[in-house]
Protein chains: 2
Amino acid sequence: MPAKRPPVPLSRERIIEAALHIADSQGLRRLTMRRLGDALQVEAMAIYHHLPRGKEALMDALAEHVTAVRVEQAATWQETAKAWCRASREVLREHPGVLALALTKPPKGGTALAIGEQVEQLTDAGLPDAADAVRSLRAFVFGSVAVEVQQSGWADPEVDEWTRRDERADADFERGLEALLRGLQI
Amino acid sequence: MPAKRPPVPLSRERIIEAALHIADSQGLRRLTMRRLGDALQVEAMAIYHHLPRGKEALMDALAEHVTAVRVEQAATWQETAKAWCRASREVLREHPGVLALALTKPPKGGTALAIGEQVEQLTDAGLPDAADAVRSLRAFVFGSVAVEVQQSGWADPEVDEWTRRDERADADFERGLEALLRGLQI
DNA sequence: ACCTGAACACCGTTCAAGT
DNA sequence: ACCTGAACACCGTTCAAGT
């Protein structure tokens, strides 16, 4: 008789990880409490014990996971801002399935804290109007990633075209980022 | 006996209009084929006669409605670009309920045509790399509106703060737009 | 051609019950 | 404390039937 698998206890972390995997691989519309339960080898109802507000809480947690981005304070406010933008873009690109949530849910919890911290970091580094700057940085990252992911869902690209597309997206992003930072300096 | 209301025939247009109203006022998650049928005084199943692919087709149509934006060719490519950005922002702000779809669905149908037309307009007006420029403009508008709408769903603002918020959002948008156009010129 | 009614598979969530 | 099973109201979609 095969040994019974030791029952890894359910946890908020495992639930979110599994939910991200489903959303990214099959789409947000296929992320279902019952399917999520299956992936975790558990009845759907068990999830409510760890996320009391149910699916709404799950959606909030997924948005927060890709949106509560923090970076270390760097030598200049420009370096700190760049690090945040690159880190944010990376995690958003990694989880296209929850991009709609990330761009749309009002920031709260860890995301709101991260925004507050970022304003503080830029202020401490000598940037006036840091709150305005943070809004601009967030808008830039959100817009770039939205257009990039949208376009990756477009018609039949050839494989080498794909590669070029990625490279161009990176170059576009870096070019836009430099221009934005120059604009904020004034 | 009250006169029976003349049965206004169902149509794609009426369906989309009613769907936008539900999504904007109650949220996308409450937009349901059955609720949509109720709003149109019709059984939900009648909708399938006008949107054969059902809810998926409805979602596509809603995204297209706020995303297939076209403007007249203006005197300079800068003016044409500005007009498109302002028009796009306006229609996206008017329909926050479908913003997630607009930012996330790959462009097709009327949206893809509008993008093609815009590239042509800017090219004709003498802008090199018009396709890159159009991507940048779309990213700018999407990001700006996303951050703006996100923030409008935030904590308890006082009424006068609200007004200032709207004004500031307008000013931010115009300032960012000018900076972006200067950047594209080079 | 256009709409309805009944039916089916699936969904989110509750609640009492098990261990 | 943590999970299950049954139940309920609701959902998208089909299909045959009405007019």
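In what follows, every chain begins at residue 1, and chains take the letters A, B, ... in the order their sequences are listed. Values in this document were obtained by computation on a predicted structure and should not be read as measured data.
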Ring pair (Phe, Tyr, Trp, His ring centres under 6.0 Å) pairs touching residues 75-98 of chain A, sequence neighbours excluded, are A:His65-A:His95
Leading and trailing nucleotides of DNA chain D with any atom under 4.0 Å from heavy atoms of chain B: D:dC11 to D:dT14
Would you please test A:Thr80 and A:Gln73 for side chain to side chain donor-acceptor pair (under 3.5 Å) and show each step? CA-CA 6 Å; A:Thr80 306; A:Gln73 178 76 286; 2.9 Å; yes
Just call it for B:Arg35: base, sugar-phosphate, or nothing, with non-hydrogen atoms closer than 4.0 Å on any strand. sugar-phosphate
Is the shortest heavy-atom distance from the side chain of A:Thr104 to the side chain of B:Leu103 under 4.5 Å? no
So, the side chain of B:Glu94 versus the backbone of B:Val66: is there a donor-acceptor pair under 3.5 Å, distance only? no
Scan for salt bridge (charged side-chain N to carboxylate O under 4.0 Å, His left out) pairs involving residues 28-45 of chain A, sequence neighbours excluded, and state none if there are none. A:Arg29-B:Glu56
Is A:Met45 touching bases, backbone alone, or none of the nucleic acid, heavy atoms closer than 4.0 Å? base
Which of residues 49-57 of chain B sit near DNA chain D, with a heavy atom under 4.0 Å from it? B:Gly54, B:Lys55
Any pair counted as side-chain hydrogen bond (donor to acceptor under 3.5 Å, both in side chains), so long as it reaches residues 10-19 of chain B, sequence neighbours left out: none
How would you list, by chain and number, every residue that makes a side-chain hydrogen bond (donor to acceptor under 3.5 Å, both in side chains) with A:Glu148, sequence neighbours excluded? A:Arg89, A:Arg93
Side-chain heavy atoms of B:Asp170 within contact of B:Glu174, under 4.5 Å: no
Would you please name every residue forming a ring-ring contact (aromatic ring centres under 6.0 Å, His included) with A:Phe142, sequence neighbours left out? none
Would you list the atom pairs, donor with acceptor, under 3.5 Å between side chains in residues 45-55 of chain B and any protein atom, with sequence neighbours excluded?
unit_1: B:Arg53; atom_1: NH2; unit_2: B:Asp60; atom_2: OD2; d: 3.0
unit_1: B:Lys55; atom_1: NZ; unit_2: B:Leu31; atom_2: O; d: 2.7

Distance-only polar pair, side chains of A:Gln151 and B:Arg135, donor-acceptor under 3.5 Å: no
Could you pick out which residue, A:Arg34 or A:Arg29, lies toward the 5' side of DNA chain D when each is mapped onto its nearest nucleotide? A:Arg34
Name all pairs fulfilling the salt bridge (charged side-chain N to carboxylate O under 4.0 Å, His left out) condition that reach into residues 112-131 of chain B, sequence neighbours left out, sorted by first residue then second. B:Arg70-B:Glu117
For a stem of at least 3 consecutive Watson-Crick or G-U pairs with distances under 3.5 Å, i pairing with j, i+1 with j-1 and so on, which stems involve DNA chain C? C:4-8 with D:12-16, C:12-16 with D:4-8
Could you identify which residues of residues 95-106 of chain B place a heavy atom less than 4.0 Å from some atom of DNA chain C, listed by residue number, or say none? none
Excluding sequence neighbours, so at least two apart, what forms side-chain contact (heavy atoms from CB on, under 4.5 Å) with A:Glu178? A:Lys82, A:Arg182
